[in-house]
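All values below come from the heavy atoms of this structure, side chains included, with hydrogens, waters and symmetry mates left out. Predicted model, so just to flag it, every value in this text is computed and none were measured.
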Amino acid sequence: MNVRVNGTLLGIALLLVVGLIAPLLVYPTFMMKVWCFALFACAFNLLLGYTGLLSFGHAAFLSVGGYLAGHACKAWGFTPELGILLGTCAGGAVGYVFGWLAIRRSGIYFAMITLALSQMIYFVWLQAPFTGGEDGLQGVPRGRAFGLIDLDNIYAMYYFVFAVFMAGFLLIYRTIHSPFGQVLKSIRENEPRAISLGYDVDRFKVLAFTLSAALSGTAGATKTLVFQLASLSDAHWHMSGEVVLMTLLGGLGTVFGPVVGALLVITLQNQLPQGVGAWVPVIMGSIFVVCVTAFRRGIVGELQALFRR
Amino acid sequence: MTEDLILETRGLTKEFKGFIAVNDVGMRIRRGTIHALIGPNGAGKTTTFNLLTKFHAPTRGTILFNGQDITTEKPAQIARRGIVRSFQISAVFPHLTVLENVRIALQRKLGLSFQFWRSERVLDQLNGRAMELLDAVDLGRFADLATVKLPYGRKRALEIATTLALDPEMMLLDEPMAGMGHEDVGRVTALIRKVAANRTILMVEHHLSVVEELGDTITVLARGAVLAEGTYAEVSSNPLVREAYIGVSDG
Ligand SMILES: Nc1ncnc2c1ncn2[C@@H]1O[C@H](COP(=O)(O)OP(=O)(O)O)[C@@H](O)[C@H]1O
Ligand SMILES: [Mg+2]
């Protein structure tokens with residue numbers, strides 16, 4: 001047990017060190033993208049890895065956070081941190097409704113309901129007057145964090161994004177290791193038994209779904225500030241698939257897996273030579289199949305299994 | 001003589017797409033007794049448990065608990081009322097530790113199960129009680145082990161400890177000794193007798209020696225209907241029961 005706790009502390013320390021020195025070694029914009037997706041994948045993992053619910057509509061929450069924060073910062077003059085707060089709350093609110101509707105079914109039906117609902121959100125963004133349709137919501141200002149720190153400075157922006165990521169990551173970590181998290185794990189492990197112990201599992205599932213969606217909204221809002229753009233691709237079902245891929249590659253139900261998975265996927269997307277263009281999905285797909293077949297527990301999951309032996 | 005009934009069913013019936021799995025079952029379970037439910041495979045015993053704990057909605061009939069109609073309540077509500085069940089197939093939380101399995105049952109009454117912002121260390125206050133429960137089923141030394149690593153018989157014992165953690169007024173045990181080795185059967189029989197001291201138990205069991213030893217009242221179910229009810233001596237000398245069990249009448 002101690003080995004595990006120390007391993008986690010070590011991991012968090014490592015994450016901090018990497019996060020702090022990364023912009024000296026690689027493009028800050030690249031790393032900011034990684035932190036946004038890492039938070040998105042961690043939020044998704046809270047639901048799939050720790051509650052056992054497979055959502056296939058998480059792009060909806062990313063995009064709700066992204067569009068609302070973008071619009072608020074651009075049209076209403078919100079400061080970036082308030083924009084992110086709004087994106088988080090909006091993601092959570094939409095997640096609450098989705099969750100409430102979807103938990104009535106389980107397994108594949110649950111996934112299909114979340115997919116259908118997220119397609120509706122996609123349609124809303126396509127039609128809404130403020131989203132810029134196919135062009136996306138462009139020219140979102142980064143503004144001044146807390147009215148003080150000018151985020152047009154790339155390093156200020158980087159550390160702001162990293163701070164948002166760490167806050168979200170630590171909240172998820174705490175949630176997993178809370179009394180609530182214990183109940184979530186028991187639902188994942190054996191739902192009928194959790195019911196027979198007197199837990200209203202539906203209420204726990206809805207709260208887990210809401211938290212996961214809210215933090216996905218945080219990730220989307222932050223991403224919009226980084227790229228100064230919210231676009232339809234954030235709401236597309238491809239995006240819902242990508243977060244599943246990141247989580248599984250890195251290690252489902254592990255604390256650090258989604259971070260590693262996000263880093264890997266974003267790196268591959270960035271590093272594949274320009275020529276392969278249309279072949280990216282095929283290459284990603286092949287890597288996914290090989291990895292999931294060879295390392296069923298994902299990268300971090302396999303490493304943990306190795307150390308525990 | 002007025003009987004003190006804890007649970008009563010009237011005309012309890014469950015149909016699955018026209019197939020009648022439980023047919024017009026009336027059961028009267030007296031408080032503080034061990035009531036055994038027996039019958040051949042497919043008789044409808046597990047289905048009856050699912051009806052009593054609301055995992056299935058009855059097609060017809062009523063269920064009274066302490067005189068109150070609980071027919072339309074939800075499974076988690078039934079559990080909070082004090083009717084707690086175990087499952088025919090071992091129902092543990094495999095990737096939680098043995099201690100955590102019991103603690104999750106104790107946790108509910110603290111009323112902090114929705115607090116996602118608090119450290120799980122607040123649950124450590126329950127460890128003492130959890131260890132007592134584990135010791136009672138001889139699992140104390142496995143407390144920190146991942147439950148998935150326990151042998152089958154031990155998992156069943158853990159399940160009983162978890163059920164006991166809720167201190168239920170009534171315990172429903174579905175074949176608690178299925179798949180257990182000989183010594184385990186003896187140990188769990190003794191355990192059930194011990195925990196029955198201040199509660200009511202309804203149990204499904206195939207080991208007839210256990211039924212004979214523990215059962216105050218026995219209900220025999222066959223093809224969904226009550227075939228006979230009474231003490232072990234009464235039931236076992238009933239020709240209908242012998243026929244249902246052995247397939248031939250010795251009369
Ligand atoms: N969910 C279900 N759907 C359809 N038939 C079922 C269902 N559950 C049980 N049955 C049927 O009801 C009958 C009684 O099953 P069960 O209660 O499990 O018997 P027992 O526990 O006495 O062995 C069996 O014929 C079984 O196939
Ligand atoms: Mg059965």
Which answer fits [X], side chain, backbone, both or neither, if we ask what part of it has an atom under 4.5 Å from a heavy atom of chain A?
{"X": "B:Phe87", "value": "side chain"}
{"X": "B:Leu123", "value": "side chain"}
{"X": "B:Ile104", "value": "both"}
{"X": "B:Ser113", "value": "both"}

### Query
Near A:Tyr109 OH, under 6.0 Å, is it more than 12 heavy atoms from other residues, nucleotides or ligands?
no
Quick one: do [X] and [Y] make a salt bridge, cutoff under 4.0 Å?
{"X": "B:Arg103", "Y": "B:Glu120", "value": "no"}
{"X": "B:Arg10", "Y": "B:Asp69", "value": "no"}
{"X": "B:Arg199", "Y": "B:Asp167", "value": "yes"}

**Asked** Between A:Phe61 and A:Phe44, does the ring centroid distance fall short of 6.0 Å?
**Response** no
Taking [options] one by one, which has the highest count of heavy-atom pairs under 4.5 Å against chain B?
{"options": "A:Leu197, A:Leu211, A:Leu207", "answer": "A:Leu197"}
{"options": "A:Gly181, A:Ser186, A:Ala194", "answer": "A:Ser186"}
{"options": "A:Arg188, A:Arg203, A:Lys185", "answer": "A:Arg203"}

Greatest number of non-hydrogen atom pairs under 4.5 angstrom with chain A, of B:Ile78, B:Thr163, B:Asn101, B:Ile83, falls to B:Thr163
With chain A, the option among B:Lys74, B:Glu100, B:Arg81 that has the most non-hydrogen atom pairs under 4.5 Å is B:Glu100
Q: Using the six-membered ring wherever Trp is involved, compare the ring planes of A:His58 and A:Phe40 and label them parallel, tilted or perpendicular (cut-offs 30° and 60°).
A: parallel
* Working for side chain to side chain contact (heavy atoms under 4.5 Å, CB included), residues B:Leu110 and B:Gln125 -> CA-CA 10 Å; B:Leu110 290 184; B:Gln125 57 181 297; 4.0 Å; yes
